[in-house]
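To start, the structure under review is shown below, and the notes come after it.
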Amino acid sequence: QQQVKQSPQSLIVQKGGISIINCAYENTAFDYFPWYQQFPGKGPALLIAIRPDVSEKKEGRFTISFNKSAKQFSLHIMDSQPGDSATYFCAASLSSGTYKYIFGTGTRLKVLA
Amino acid sequence: KAGVTQTPRYLIKTRGQQVTLSCSPISGHRSVSWYQQTPGQGLQFLFEYFSETQRNKGNFPGRFSGRQFSNSRSEMNVSTLELGDSALYLCASSFWGAEAFFGQGTRLTVV
């Protein structure tokens, strides 16, 4: 019940295309859903995050869509660029002051120039 | 503003030894959490500290321990190292209730 399932494992997208990564969770007590981006040799960096009282959040080219009833959320990267090539992790936590994140298994994105 | 600093960046240890990893959080951040990252298991939560108190602990054996000092710096210790402990150990700091910032990690190799 603590798992966060992420798909796909890897993704290849043409420059300018849309990258879509999906995550599903089981624990309805999760209350905070961040997405992290990780480049090789670096630690993860927060990209965008959402709480379940909102169905969509957009920041620049990055959008989170959240479906509370289906217990699913997804990251959309619009106008994907080669610089977006990285590994993306979704996560979930009980937001009441904890940083105990349950991470998805990661998606390796490659954007072709 | 300096980021989260983890030392050392790389470490090679022998099975059975113990190791201590250090994390200096961003100035003003009092919350520190630790994660283990491996290709097989991904990112797994180890512990979380706030004001020198452990608030949460992940599902790791007792060989993994940690602490936080009064200046918010944190250390984690792994005793009796096993080959399977080879991983990237990540520390994250945060100002309570806000975004968690990760360091670059310590790459531990157990031989």
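Just so we're on the same page: letters track the sequence lines, and every chain starts at 1. Please read these numbers as outputs of a predicted model, since none were measured by experiment.
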**Message:** Taking side chain as everything from C-beta outward and backbone as N, CA, C, O, which of these in B/Arg9 sits under 4.5 Å from a heavy atom of chain A? Side chain, backbone, both or neither.
**Reply:** side chain
**Asked** If you round to the nearest 0.5 Å, how far is OG of B/Ser31 from OH of A/Tyr99?
**Response** 5.5 Å
**Message:** Only pairs of heavy atoms separated by less than 4.5 Å count here; which of A/Gly41, A/Ala45, A/Gly106 has the most with chain B?
**Reply:** A/Gly41
**Complete:** So, the part of B/Gln37 with a heavy atom under 4.5 Å from chain A: the answer is side chain
**Message:** Are B/Leu21 and B/Val4 connected into the same hydrophobic cluster when the rule is that any two of I, L, V, M, F, W, Y join if their side-chain heavy atoms are below 4.5 Å apart?
**Reply:** no
**Prompt:** Looking only at heavy atoms, what is the nearest atom pair of A/Gly43 and B/Leu90, with distance?
**Reply:** CA-CD2, 4.0 Å
**Message:** A quick test of your reading: do over 12 heavy atoms of other residues, nucleotides or ligands sit less than 6.0 Å from CZ of A/Phe39?
**Reply:** yes
**Asked** Should the heavy atoms of other residues, nucleotides or ligands under 6.0 Å from NZ of B/Lys57 be counted, would the total exceed 12?
**Response** yes
**Request:** Heavy atoms only, distances under 4.5 angstrom: which of B/Gln44, B/Glu48, B/Arg107 has the most pairs with chain A? Name it, please.
**Result:** B/Glu48
**Item:** Interatomic distance, A/Thr98 atom OG1 to B/Arg55 atom CZ [nearest 0.5 angstrom]
**Value:** 6.5 Å
**Message:** Determine whether A/Tyr101 and B/Tyr35 satisfy the following criterion, side chain to side chain contact (heavy atoms under 4.5 Å, CB included), listing intermediate values before the conclusion.
**Reply:** CA-CA 9 Å; A/Tyr101 293 158; B/Tyr35 288 83; 3.3 Å; yes
**Asked** Cluster question for you: counting only ILVMFWY and a side-chain heavy-atom cut-off of under 4.5 Å, with indirect links fine, are A/Tyr88 and A/Ile50 together?
**Response** yes
**Request:** State whether the number of non-hydrogen atoms from other residues, nucleotides or ligands found under 6.0 Å of A/Arg108 atom CZ is greater than 12.
**Result:** no
**Asked** Hey, quick one: are B/Leu43 and B/Phe64 part of the same hydrophobic cluster, counting side-chain heavy atoms closer than 4.5 Å, chains of contacts allowed?
**Response** no
**Prompt:** Just wondering, more than 12 heavy atoms not from B/Ile12 lying within 6.0 Å of its CD1?
**Reply:** no
**Asked** B/Leu88 versus chain A, heavy atoms under 4.5 Å apart: side chain, backbone, both or neither?
**Response** side chain
**Message:** To the nearest 0.5 Å, what is the distance between CZ on B/Phe101 and CG on A/Leu46?
**Reply:** 7.5 Å
